[in-house]
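Note that ligands are numbered from 1 as they come in the structure, with each ligand's atoms numbered from 1 the same way. None of these values were measured; they are calculated from a predicted model.
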Amino acid sequence: MPKLDAMLQIHQFPCLSDNYGYLLHDPASGETACIDTPHADTYLREAEAQGWTITNIWNTHWHPDHAGGNEAIKVATGCTIVGPREVTRIAPLDREVKHGDTVALGRFEARVIDVGGHTNGHIAFYLPEAGMAFVGDSVFALGCGRMFEGTPEQFWSSLERVKALPRDTMLYCAHEYTQANAKFALHADPSNPTLQVYCEEIDAKRAQGEPTVPMRLDRELETNPFLRADDPVLMSEWGGSVPYETFAALRAAKDDF
Ligand SMILES: [Zn+2]
């Protein structure tokens, strides 16, 4: 076990109307990364309150509530911006990364995983040593992102890569959408007792104003209908001869729910 003071620190805070901001800090090197940049001033203020100086931005995808603060944070801090090529639609990158690449924060390494589907170039950052994955708008607690750019086959392949991470991985998604997702999940998979217990906990947390994010992968594997599109019960209920067809049916139903 590393010494406690050598461990990666994370600061999570609400941003815009329903985004989560994340700052990752490595005390040994003093480096600090923004995971996406929904709002520059909020990030700069939160970093200052922690006594941290932002050195890196890691973008998951190009949407303005994820990369819109890049330029102002760069001007304020001179940080290095890393992300998928699609981010250059709205702001320059210092380094373009793709599936299989690694990025570093001090001695901590993050692996880049292709999770395209919400946008084509969407990536996640997985930190094996810390047991964390920053999944942006690909996977949400009990949900997944809208399929704005990709195809069901592509999106399902992305979800399979997330499903294959170690089961105790903590997933940090970018929005607090969980209660709305829970309503659809109960509609999609009404006979799942684990899901029912999870939904009660979610309602209790939200009633206290607590975040439902991050969430543990193993629990999502048992309850998130979009990660369970290969489950025989959901496949027979929602149709599809292969899981991505079931995923497509679930995604379309959620869009109209
Ligand atoms: Zn998005």
**Message:** On the six-membered ring of Tyr198, is Arg219 placed so that its NZ or CZ lies under 6.0 angstrom from the centre and within 45° of the ring axis?
**Reply:**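 Yes - Arg219 lies over the ring of Tyr198, closer than 6.0 Å to its centre and within 45° of its axis.
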
**Asked** Does any N, O or S atom in His63 come within less than 2.8 Å of the Zn ion (ligand 1)?
**Response** yes

**Prompt:** Do any of the N/O/S atoms of His66, backbone or side chain, fall under 2.8 Å from the Zn ion (ligand 1)?
**Reply:**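 Short answer: no, not a single N, O or S atom is under the cut-off.
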
**Request:** Would you sort out whether Arg251 and Asp255 count as a side chain to side chain contact (heavy atoms under 4.5 Å, CB included), showing the intermediate values?
**Result:** CA-CA 6 Å; Arg251 188 57 264 175; Asp255 287 347; 2.7 Å; yes

**Prompt:** Relative to the ring of His63, is the ring of His61 parallel (under 30°), tilted (30 to 60°) or perpendicular (over 60°)?
**Reply:**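 Correct class here is perpendicular.
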
**Request:** Compute the centroid of each ring, for Phe13 and then for Tyr20, and state whether the two points are separated by less than 6.0 Å.
**Result:** no

**Prompt:** Considering only N, O or S atoms, which atom of Asp137 is nearest to the Zn ion (ligand 1)?
**Reply:** OD2

